[in-house]
Amino acid sequence: VERLDGDTFVADLPGQIGYQPAPGAVVVSAFSASNRFQFNAIVDLPEGGDRTALLQDVAAQLQRPQREYETAMIVLTGYGPAGDVNAAQLRTALADGPTHVFYLAHVEDTRVRTLAHDDVAWSSSRALPDTAARTVLRERAAPAANREEFSARYAPLATATFTALRPDQADAIGVHAKPSMRADVAARYLDQLAQARGGDPAKQAVIAHLVTLDLTTRDAVVIAAAGDSARVTALVDVYRGAPPELRPACAAAAAAAMFMDGAPLSAVSSVLTHADRTGPNASLTGLVEAAAHAGLNGHQLRAAVAADFTNTLRVADERWTVADIARTSAAAFPTATSRSTQSRSSADAASEQTRQAGPSTRPAPPTASPTGRPPLER
Amino acid sequence: VPESVVEHHLAAASGRVPAVPTAAEPRDTKLPRALNDLKHAAPEATAHETIDLAGWVVGGDAS
């Protein structure tokens, strides 16, 4: 277990959150009875005026996560010239809640002073330690200068980095691929995109297609990404580089994966701005938005979802096999009846809609992707 | 029951949330939004790190 001194923790806050808190902000950092970190909440307080109602509102919002986590100690870090006053006022508001041990820090530029629980006087100011090495070691991006800049990192790119798959390529991973194979491709491609870090348009196009294929396959992509921050970044890159017609679905999937990976609310909200509101992913968009804003812990959700998904995939495979037999029979003995009544999964229907053609026999493997590589390259 | 496992769990988790004010919809709509961000610790991080605030106690080394 690594023991982190308080000054290093405070210096590392921008790296943990993703951006430099603005002057007037107070970061509420919660810890367990054994001093393990639980969550950071960023509170922006306006200057001056009677802020009692506002502080009480924030305190009310923070009661649920404190109770859920059984928070034992809170560090309040105030930024800017009024950081000490802001932190102290928020402590007063929080003192009516479930946590009773508070440590305060006041950060101005690169210096900090602190007020320990039970102490009555602030310490003298001292330089904050340099945490650049920590950022590199944890493979985190350097913190943005402010929240707006941080949110901009999650905006769609001006120019798409890939195009939608051609119908024959779409079929190879759609109607002609078992759901478990699609899930396997999603996991492998996200892994490879995460490792490459440079982006691979052909693989990005496949991931985007999988997201739009059907809900089970979209879930497979989300679950494959959510367990690993690098894979989540790869999925965010897919959404950012998606052509406009694929962007809403990819944004919904990326936001869900980010939420389940514990991304900050501001980042999830930024992606949700571009997510599907009217199509087949609108429900996911709304649910992620509600869960993220309610402060639910996405990490906990991820474990439950992953445990259930194995069974879902097995059932989807069974349905696909039945449909595939019907499809093969229809192809071998084509009749008008078999064409119109054969059983099809929603994946087949979605794929067929993309193709905008009638049922077909199994096509030859796709020959080229947008970059000349096959979409199912292993 | 939603066809999607992810949606099913999100709906179930959100359904368990009592009617508390959220960052998106503060309890008192006259108030400006103040709680602007929330980030949970990754489970692996909490398993490997603890904070030591002994250095913040003036003139003492109590932990």
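Here the structure is a predicted model, which means the values were calculated and not measured. Chain identifiers are assigned alphabetically (A, B, ...) following the order of the sequence lines, protein sequences preceding nucleic acid strands; residue numbering begins at 1 within each chain.
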What verdict does the side-chain contact (heavy atoms from CB on, under 4.5 Å) test give for B:L10 and A:F259, after you've listed the backbone C-alpha separation in whole Å, the side-chain angles of each residue and the deciding distance to 0.1 Å? CA-CA 10 Å; B:L10 279 166; A:F259 170 69; 3.7 Å; yes
Contacting moiety of A:S34, where chain B heavy atoms sit under 4.5 Å: backbone
From the list A:L287, A:V305, A:V288, side chain to side chain contact (heavy atoms under 4.5 Å, CB included) with B:E7 holds only for A:L287
Flag the one option from A:P264, A:G295, A:A116 with the top tally of heavy-atom pairs under 4.5 Å to chain B. A:P264
Which of these, A:L284, A:T312, A:T216, A:D308, sits in a side chain to side chain contact (heavy atoms under 4.5 Å, CB included) with B:V6? A:L284
Of all the heavy-atom pairs spanning B:A13 and A:L301, show the shortest one and how long it is. CB-CD1, 3.7 Å
List the steps, then state whether side-chain contact (heavy atoms from CB on, under 4.5 Å) holds for A:Q61 with B:L38. CA-CA 11 Å; A:Q61 291 180 61; B:L38 189 64; over 6 Å; no
Looking at every heavy atom in both A:F37 and B:K39, which two are closest together, and how far apart are they? CZ-O, 4.4 Å
For the pair B:L53 and A:M73, evaluate side-chain contact (heavy atoms from CB on, under 4.5 Å) and give the outcome as yes or no after the intermediate values. CA-CA 11 Å; B:L53 293 171; A:M73 175 184 76; 3.6 Å; yes
Below 4.5 Å from any heavy atom of chain B, which atoms of A:V10 appear? Answer side chain, backbone, both or neither. side chain
Measure from the side-chain N and O atoms of B:D37 to the backbone N and O of A:S266, and report whether any donor-acceptor pair falls under 3.5 Å. yes
Which region of A:A263, side chain (C-beta onward) or backbone (N, CA, C, O), has a non-hydrogen atom less than 4.5 Å from a non-hydrogen atom of chain B, or is it both or neither? backbone
Report yes or no: do B:W56 and A:D5 form a side-chain donor-acceptor pair below 3.5 Å? no
Is the backbone of A:R3 close enough, under 3.5 Å, to the side chain of B:D52 for a donor and an acceptor to pair up by distance? no
Using non-hydrogen atoms only, which part of A:N311 is less than 4.5 Å away from chain B: side chain, backbone, both, or neither? neither
Checking A:Y19 against chain B: side chain, backbone, both or neither under 4.5 Å from a heavy atom? side chain
Please classify the contact of A:L90 with chain B as side chain, backbone, both or neither, using a heavy-atom distance under 4.5 Å. neither
Pairs of heavy atoms under 4.5 Å with chain B: top-ranked of A:A41, A:A25, A:A105: A:A41
Between CZ on residue A:F31 and CD1 on residue B:I51, distance to nearest 0.5 Å: 3.5 Å
So which part of A:R113 gets closer than 4.5 Å to some heavy atom of chain B, the side chain, the backbone, both or neither? neither
